[in-house]
Amino acid sequence: MPSVQEAGENAECKAMQILRTRLALNLNQIIYQLNLATLGLLSNLFRVKPEAKKRFPPVPQWQPNTPIDLDRILEAAKYYTGYKLQLGVFKYGTVTFFSAPIDNIESESKICLNKIYNFHPDFKPITLDDGNYLIDYSQPAFTIVFNDELDKHWNYIEKNHQRGVCTDEVLIDGQGQHNVFDRIGKICLFARAKMFMDAQEPEIVKTFDPLID
């Protein structure tokens with residue numbers, strides 16, 4: 001039979017073993033938690049961020065804020081089309097025209113502009129005899145840029161024209177240069193940026209019908 005001293009020593013030994021076991025378990029738990037945290041940090045560090053979803057149709061950043069004289073635009077459009085065509089004018093100045101009579105200028109104008117917006121918005125500049133510019137699109141629509149408008153706001157156009165290029169768009173000039181624009185090119189980007197504004201918020205504000213007006 002063990003003595004009192006031996007019994008005490010045995011109890012102390014068992015207590016120490018229990019303590020060591022608990023310390024070992026706690027240490028393993030701490031190491032496990034640290035490993036999880038390290039894995040989380042490494043995962044965040046090397047995680048490939050998903051590519052931002054690209055907008056379609058692509059649009060330019062530029063939304064010109066120069067004054068728009070809608071009455072003047074309508075009168076000029078009537079003059080340029082010989083007062084013979086039905087016309088629709090959107091709130092940012094884009095003009096639609098119809099060579100054959102239609103019943104609803106507003107709805108047909110929106111359909112026309114939507115076709116330009118959802119396909120590549122090609123454009124062709126025309127310099128008019130009076131010094132103004134007409135930017136023609138792939139559908140029967142155009143934007144008029146007045147010569148005196150350019151005189152007043154040229155510094156603004158010069159400063160912002162590159163923002164008129166759509167996301168991932170590459171426009172090639174006659175010399176094969178990418179997104180390098182002369183004066184006419186900058187005028188086109190200015191006009192087209194307003195067309196994009198109309199396409200995103202289509203609202204017809206003026207019409208002309210030679211059979212009625």
Side-chain angles (χ1 to χ4, degrees), residues 56-60 62-154 156-157 160-161 163-166 169 171 181 183-213:
F56 185 84
V59 297
W62 193 18
Q63 294 188 330
N65 58 6
T66 54
I68 299 171
D69 189 337
L70 294 170
D71 290 323
R72 185 184 184 191
I73 290 171
L74 178 59
E75 289 305 312
K78 287 158 63 176
Y79 172 73
Y80 296 142
T81 57
Y83 298 90
K84 295 178 180 179
L85 302 182
Q86 291 172 304
L87 305 172
V89 181
F90 288 86
K91 66 178 177 179
Y92 295 111
T94 307
V95 180
T96 52
F97 62 93
F98 304 94
S99 55
I102 57 172
D103 294 329
N104 191 317
I105 293 176
E106 181 174 352
S107 64
E108 291 297 328
S109 293
K110 290 180 180 180
I111 291 171
C112 174
L113 189 56
N114 188 60
K115 289 179 181 178
I116 299 171
Y117 181 51
N118 282 286
F119 296 92
H120 193 280
D122 293 328
F123 55 87
K124 180 178 70 175
I126 300 172
T127 303
L128 303 169
D129 292 340
D130 56 8
N132 298 329
Y133 297 87
L134 189 148
I135 312 306
D136 191 27
Y137 302 112
S138 57
Q139 297 293 322
F142 57 80
T143 301
I144 299 169
V145 181
F146 298 105
N147 194 40
D148 59 345
E149 181 181 12
L150 295 172
D151 292 338
K152 291 177 184 176
H153 305 293
W154 184 250
Y156 170 75
I157 295 170
N160 289 279
H161 74 275
R163 296 173 61 232
V165 178
C166 297
E169 182 179 33
L171 299 173
F181 305 99
R183 179 180 172 86
I184 297 294
K186 294 170 185 177
I187 293 170
C188 289
L189 291 173
F190 171 62
R192 193 183 68 157
K194 293 190 286 185
M195 182 277 294
F196 273 113
M197 293 169 68
D198 277 324
Q200 292 173 83
E201 300 177 17
E203 180 184 342
I204 288 289
V205 292
K206 291 185 177 294
T207 61
F208 171 70
D209 191 334
L211 302 176
I212 299 173
D213 298 335

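The analysis underlying the following values was restricted to heavy atoms, covering all of them including side chains, and did not include hydrogens, waters or symmetry mates.
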How close do [X] and [Y] get, counting heavy atoms only, and between which atoms?
{"X": "Cys112", "Y": "Ala141", "result": "SG-CB, 4.3 Å"}
{"X": "Ile135", "Y": "Ala191", "result": "CG1-CB, 3.4 Å"}
{"X": "Gly131", "Y": "Asn147", "result": "O-CB, 3.3 Å"}
{"X": "Ile204", "Y": "Ser109", "result": "CD1-CB, 3.6 Å"}
{"X": "Leu85", "Y": "Ser99", "result": "CD2-CA, 3.8 Å"}
{"X": "Cys188", "Y": "Pro125", "result": "SG-CB, 3.5 Å"}

List for me each residue that meets side chain to side chain donor-acceptor pair (under 3.5 Å) alongside [X], sequence neighbours excluded, and say none if there are none.
{"X": "Tyr80", "value": "Asp130, Asn132"}
{"X": "Asn65", "value": "Tyr156"}
{"X": "Glu75", "value": "Lys78"}
{"X": "Asp71", "value": "Lys206"}

Distance in Å, [X] [atom1] paired with [Y] [atom2], rounded so as to fall on 0.5 Å steps:
{"X": "Lys124", "Y": "Leu134", "atom1": "NZ", "atom2": "CG", "answer": "9.5 Å"}
{"X": "Asp198", "Y": "Ile68", "atom1": "CG", "atom2": "CD1", "answer": "7.5 Å"}
{"X": "Thr207", "Y": "Leu87", "atom1": "OG1", "atom2": "CG", "answer": "9.0 Å"}
{"X": "Ile116", "Y": "Gln139", "atom1": "CD1", "atom2": "CD", "answer": "6.0 Å"}
{"X": "Ile144", "Y": "Leu128", "atom1": "CD1", "atom2": "CG", "answer": "8.0 Å"}

Between Ile187 and Trp154, is the side-chain contact (heavy atoms from CB on, under 4.5 Å) condition met? List the steps. CA-CA 9 Å; Ile187 293 170; Trp154 184 250; 3.9 Å; yes

Sequence neighbours left out, what pairs pass ring-ring contact (aromatic ring centres under 6.0 Å, His included) with at least one residue falling in residues 87-112? Phe97-Phe142

Applying side-chain contact (heavy atoms from CB on, under 4.5 Å), name anything that partners [X], two or more places apart in sequence or on another chain.
{"X": "Thr127", "answer": "Tyr133, Ile184"}
{"X": "Asp209", "answer": "Gln86, Ile105, Leu211, Ile212, Asp213"}
{"X": "Glu149", "answer": "Thr66, Val145, Phe146, His153, Phe190, Lys194"}

Please assess Tyr117 against Gln200 for the test side-chain contact (heavy atoms from CB on, under 4.5 Å), listing each intermediate value before the final yes or no. CA-CA 8 Å; Tyr117 181 51; Gln200 292 173 83; 3.6 Å; yes

Given side chains that start at C-beta, do those of [X] and [Y] come closer than 4.5 Å, heavy atoms only?
{"X": "Arg192", "Y": "Tyr137", "answer": "yes"}
{"X": "Ser138", "Y": "Phe119", "answer": "no"}
{"X": "Asp103", "Y": "Glu108", "answer": "no"}

Sequence-distant partners of Asp148, salt bridge (Lys or Arg N to Asp or Glu O under 4.0 Å), two or more places apart: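 Here the qualifying residues are Arg72.
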
Report the residues that fulfil salt bridge (Lys or Arg N to Asp or Glu O under 4.0 Å) with Lys91, sequence neighbours left out, ordered by chain and then residue number.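 With sequence neighbours excluded, Lys91 shows a salt bridge (Lys or Arg N to Asp or Glu O under 4.0 Å) to Glu201, Glu203, given in chain and number order.
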
